[in-house]
Amino acid sequence: MIRRSTAGYVTTETVLTFPVFVTRFMTFVQLAHLEVASLATEHAAVTATRAAAVIRADDPRFYDSAVGVARGTRLAEITDAARIPLRVTAERPEVRVSFPDRAVFREGDQVRLRADYAYACTVPIGRWVCGASGTKRIVREATMPYQGAGYVVR
C-alpha cells in the first residue's frame, strides 16, 4: 500500500481561500461606507433645506440676489450647509444642490431641495461595487416650509 503525504494541505487551502475572504470582507467594508455616505447625504439634504428655507428669506441687504431666489451668495451658503454633514465621508465633499420644483419661493410655499453627491469609493479591492468610475452618485431630497418674511429696505 502506498501512503500519500498530507503535508501542505492547510497551506494550499489557505492560499486558495484567503483572497476570497479578503475580497468579501473589503466589499462589506465598502458597502458599510456607502451606507454611511447615504445617511450623511440624507442629513445633508435636510440641513440644506433648512438653510434654504431661512437663507432664501433673509434680508436682501446681506446677499446679491432678491428675497426668495437662490443665486450667488445665497446658493453658496446653502451648498456649504449641505457640505458640513458630508465631511464624515470626505475632506472636501462635492455636492450639488438644486430646487426641482421652482426657482422662486414665496411665503407659504414648500421648499423642496435635491442634494446630489458623487461619493468616491476608496476601499481597496472593495471599490468594485461602485463601478468602473470608482464613484457612486447618491441623490436625496428633503422638503420644508419656506420661512418667508417681508423686508422693507430703507
Side-chain angles (χ1 to χ4, degrees), residues 14 16-154:
T14 302
L16 293 175
T17 59
F18 184 72
V20 174
F21 286 121
V22 168
T23 302
R24 184 173 289 178
F25 176 75
M26 296 303 247
T27 301
F28 287 143
V29 169
Q30 183 62 70
L31 288 171
H33 282 244
L34 271 170
E35 183 61 25
V36 168
S38 178
L39 291 170
T41 307
E42 179 73 31
H43 184 58
V46 170
T47 303
T49 305
R50 184 181 304 125
V54 174
I55 290 172
R56 289 183 91 160
D58 204 359
D59 193 340
R61 291 179 290 177
F62 302 119
Y63 298 98
D64 55 359
S65 60
V67 171
V69 179
R71 279 192 220 116
T73 312
R74 289 182 198 267
L75 184 60
E77 288 188 10
I78 294 167
T79 304
D80 285 344
R83 279 192 188 108
I84 292 169
L86 292 172
R87 288 193 183 141
V88 298
T89 62
E91 189 174 324
R92 291 187 195 105
E94 288 301 318
V95 62
R96 191 170 55 89
V97 298
S98 61
F99 302 92
D101 288 343
R102 60 181 75 173
V104 178
F105 291 88
R106 292 177 180 77
E107 191 173 352
D109 291 342
Q110 293 289 318
V111 176
R112 190 169 132 222
L113 181 135
R114 178 177 292 145
D116 188 344
Y117 177 46
Y119 171 70
C121 297
T122 58
V123 176
I125 301 171
R127 67 184 287 189
W128 67 269
V129 296
C130 295
S133 67
T135 61
K136 191 75 165 178
R137 185 172 167 230
I138 305 171
V139 179
R140 296 291 181 266
E141 291 186 3
T143 305
M144 197 163 282
Y146 179 61
Q147 305 294 318
Y151 288 97
V152 177
V153 180
R154 297 181 183 172

For this session: Hey, could you give me the OH/NE2 distance between Y119 and H33, rounded to the nearest 0.5 Å?
Result: 6.0 Å

Seminar exercise, completed: When rounded to the nearest 0.5 Å, the distance separating OG1 of T135 from CZ of R127 is 9.0 Å

For this session: Begin from the C-alpha positions of T47 and I84 and carry the test side chain to side chain contact (heavy atoms under 4.5 Å, CB included) through to its verdict.
Result: CA-CA 9 Å; T47 303; I84 292 169; 5.9 Å; no

Exercise. Under 4.5 Å between any side-chain heavy atoms of Y63 and I55, yes or no?
Worked result: yes

Problem set entry | Any donor-acceptor N/O pair, S38 side chain to L34 backbone, under 3.5 Å | no

Exercise. Looking at CG of D80 and CG of L75, how far apart are the two atoms once the value is rounded to the nearest 0.5 Å?
Worked result: 9.5 Å

For this session: Carefully, step by step, assess R112 and M144 under the rule side chain to side chain contact (heavy atoms under 4.5 Å, CB included).
Result: CA-CA 7 Å; R112 190 169 132 222; M144 197 163 282; over 6 Å; no

Seminar exercise, completed: Closest heavy-atom pair, P93 versus R83, reported as atoms and distance to 0.1 Å, is O-NE, 3.3 Å

Seminar exercise, completed: In terms of heavy-atom contacts, A48 and V97 come closest through CB-CG1, 4.4 Å

Problem set entry | Distance, nearest 0.5 Å, that separates CD of E42 from CD1 of I138 | 11.0 Å

Exercise. Roughly how far, to the nearest 0.5 Å, is the OG atom of S98 from the CD atom of E141?
Worked result: 7.5 Å

For this session: Decide side chain to side chain contact (heavy atoms under 4.5 Å, CB included) for I78 and R56; before the verdict, give the C-alpha distance in whole Å, the side-chain angles of both, and the deciding distance to 0.1 Å.
Result: CA-CA 9 Å; I78 294 167; R56 289 183 91 160; 4.1 Å; yes

For this session: Write down the atom of V111, the atom of A52, and the distance for their closest heavy-atom approach.
Result: CG1-CB, 4.1 Å

Problem set entry | Closest non-hydrogen atom pair between A44 and A82, with its separation | CB-O, 3.2 Å

Problem set entry | Which atom of R140 lies closest to which atom of T41, heavy atoms considered | CG-CG2, 3.8 Å

For this session: State, to 0.1 Å, how close A53 and P145 come at their nearest heavy-atom pair, and which atoms those are.
Result: CB-O, 3.4 Å

Exercise. Roughly how far, to the nearest 0.5 Å, is the OG1 atom of T73 from the CG atom of D64?
Worked result: 3.5 Å

For this session: Please assess D109 against D101 for the test side chain to side chain contact (heavy atoms under 4.5 Å, CB included), listing each intermediate value before the final yes or no.
Result: CA-CA 11 Å; D109 291 342; D101 288 343; over 6 Å; no

